[in-house]
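Written out below as structure tokens is the structure these notes cover.
Convention: sequence-line order gives letters A, B, ...; per-chain numbering from 1. Just so it is clear, the values below take in all heavy atoms, side chains as well, and ignore hydrogens, waters and symmetry mates.
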Amino acid sequence: MIRVQQEAFDVGAEQEALTAGRTDIGAVVTFTGLVRDFNERPEVRALTLEHYPGMTESALQTIVDEAESRWPLLGVSVIHRVGRLTPGDPIVLVVVASAHRRAAFEACDFIMDYLKTRAPFWKKEHTANGDYWVAERAGDHQDARRWETPT
Amino acid sequence: MTLTHLNARGEAHMVDVGDKPESQREATASGVIYMQSATLALLAEGGLPKGDVLATARIAGIQAAKRTHELIPLCHALALSKVAIDFHLDEAESCLQVLATCRLTGRTGVEMEALTAVSVACLTLYDMCKAVDKSMEIGRIHLDTKTGGKSGDYARQDDHRLQGATAPLIGDTATSPIVTGEGAAGEVSLGPRCDIAAPCIRVKCLAELRERLGVGEISVPFDRLPSSDVAGLKTALKAMDERFEGLDRGRVLCAVNQVMAGDATPLTSDDEVAFFPPVTGG
């Protein structure tokens, strides 16, 4: 399940939705990303997330499909918020279910690494010293490259 | 009257069109998706959970037209020169009318492409809206007109089409822009849409690139492209407006019809090309 939305999400409800009525799931890993009050500059008051409707959803689906081809997963949910968010707000949620924990941990890590380098979202941060667009980080690309060589 | 897809033994076969003369072909088709009035209102406002429904359905229809030969067994693969998808909101009937126009100069008609475009655009609308309305109904998919070719022109007689002329024509320009939420400096200038009479490429600049160039959306006449690919489009953009020199500064990515692309990616009329900076979500 993939959603791009302005509204906040409920981590518990999303996990419940993924596991409801199932007894074959032995592990659920959830990752929640939050808006920090510091990034490239201090005093981030808010950020605005822009995306490319249509392509965003298909890019996320491609990432989830890739994860499902690499690990034996029993369910994946990805929710990414767009619009204006303030520090402390949840911004992204990844929930991965599998029979055993290792697949769920690794797939969740993989999905976030690919999401950060491949899904068309852009952050603009609003700080005490003005607004600026967040630049890509080399570290994110290094993280994503970890998955290129099969382990 | 014979069925051209059946041979003398009544077996299905693909018609050899090699000897047919090339001519300008055009077909228009339409269909309707009925929905609850609340769903229609959400769609018009751009308030649906999956995002910009009409923009996505338009791209889905265009892509489907191009891939008709993969879906319909005896259809030829065609180099369409134009595919256009339009929508009419009809609040009185609580439905959305989908219209597709396909054109090419070639040896076969483009009716199947237009019908496929309408069908898949309707299915995409259903998919995008089903979270809020599962009772939607797709119907009245039919060929409206066709011109060119040996069998001559056709115009549907018992025209059951909606009174679309009075309903407002809506496109991307009427729905919410790409920017979601408030971005004070994020002004989006939505350019004019492609004109049916003038084949063109629709170009979008997103996020930081849009603000840096000062251009959100622009239509480029297809005949301005020195080559029918992304590199040719960049050349045409720079010739039209020197601000597009900025496409060469920093890392600028490109997507054609919402799929990542490069300078060598081929373009056809009515493609949507987006330029944007490296992504920073998560």
Side-chain angles (χ1 to χ4, degrees), chain A residues 1-7 31 33-34 39-40 46-60 62-63 78-85 91-94 111-126 130-138 140-141 143-144, chain B residues 46-63 124 127-128 131 172 175-186 188 204-212 216-217 250-261 272-282:
Chain A
M1 190 277 298
I2 285 164
R3 292 209 310 265
V4 178
Q5 62 186 39
Q6 296 196 37
E7 303 75 34
F31 171 83
L34 306 177
N39 192 23
E40 293 171 25
L47 63 77
T48 303
L49 260 154
E50 175 174 336
H51 75 125
Y52 185 10
M55 183 172 176
T56 317
E57 291 83 353
S58 62
L60 292 173
T62 301
I63 294 166
V78 178
I79 300 175
H80 203 299
R81 294 177 69 189
V82 291
R84 190 178 177 93
L85 302 171
I91 181 169
V92 60
L93 174 69
V94 178
I111 288 169
M112 274 310 300
D113 282 347
Y114 270 38
L115 184 152
K116 287 188 83 80
T117 50
R118 299 189 177 198
F121 293 100
W122 299 274
K123 285 191 193 111
K124 186 177 198 177
E125 293 187 341
H126 310 289
D131 301 346
Y132 67 96
W133 288 94
V134 175
E136 64 177 330
R137 290 175 57 240
D140 288 337
H141 288 278
D143 287 343
Chain B
L48 283 155
K50 286 197 177 181
D52 193 338
V53 172
L54 295 179
T56 309
R58 172 177 287 115
I59 296 294
I62 291 169
Q63 293 290 71
T124 303
D127 179 52
M128 299 282 286
D172 289 348
T175 56
S176 56
I178 310 164
V179 172
T180 310
E182 54 175 302
V188 182
K204 292 178 172 181
C205 296
L206 309 181
E208 182 267 344
L209 186 71
R210 175 186 63 248
E211 295 184 4
R212 178 154 58 89
E217 195 161 320
R251 208 156 81 83
V252 175
L253 309 179
C254 173
V256 173
N257 295 331
Q258 309 200 335
V259 175
M260 290 305 293
E272 175 177 300
V273 179
F275 294 105
F276 45 83
V279 303
T280 56

Considering only heavy atoms, which portion of A/Ala135 lies under 4.5 Å from any heavy atom of chain B: side chain, backbone, both, or neither?
backbone

Just how far is it from atom CD1 of B/Ile59 to atom CE of A/Met55, taken to the nearest 0.5 Å?
11.5 Å

Within this structure, what is the CZ-CH2 distance for the pair B/Arg210 and A/Trp122, rounded to the nearest 0.5 Å?
9.0 Å

Interface residue of largest heavy-atom contact number with chain B, from A/Leu115, A/Val134, A/Val92, A/Asp140, under 4.5 Å
A/Val134

Full working for side-chain contact (heavy atoms from CB on, under 4.5 Å) between A/Arg118 and B/Met260
CA-CA 10 Å; A/Arg118 299 189 177 198; B/Met260 290 305 293; over 6 Å; no

Nearest 0.5 Å, what's the OG-CG distance between A/Ser58 and B/Asn257?
11.0 Å

Might you point out which heavy atoms bring A/Glu50 and B/Ala207 nearest each other, and give the distance in Å?
OE2-N, 2.9 Å

Under a 3.5 Å distance rule, please check whether B/Gln258 uses its side chain to pair with a backbone N or O of A/Thr56 as donor and acceptor.
no

Please tabulate, for side-chain N and O atoms in residues 275-282 of chain B, each donor-acceptor pair with protein atoms closer than 3.5 Å (sequence neighbours left out).
| from | atom 1 | to | atom 2 | distance (Å) |
| --- | --- | --- | --- | --- |
| B/Thr280 | OG1 | A/Lys123 | N | 2.9 |

Test side-chain contact (heavy atoms from CB on, under 4.5 Å) applied to B/Arg212 - qualifying residues, sequence neighbours left out:
B/Glu208, B/Leu209, B/Arg249, B/Val252

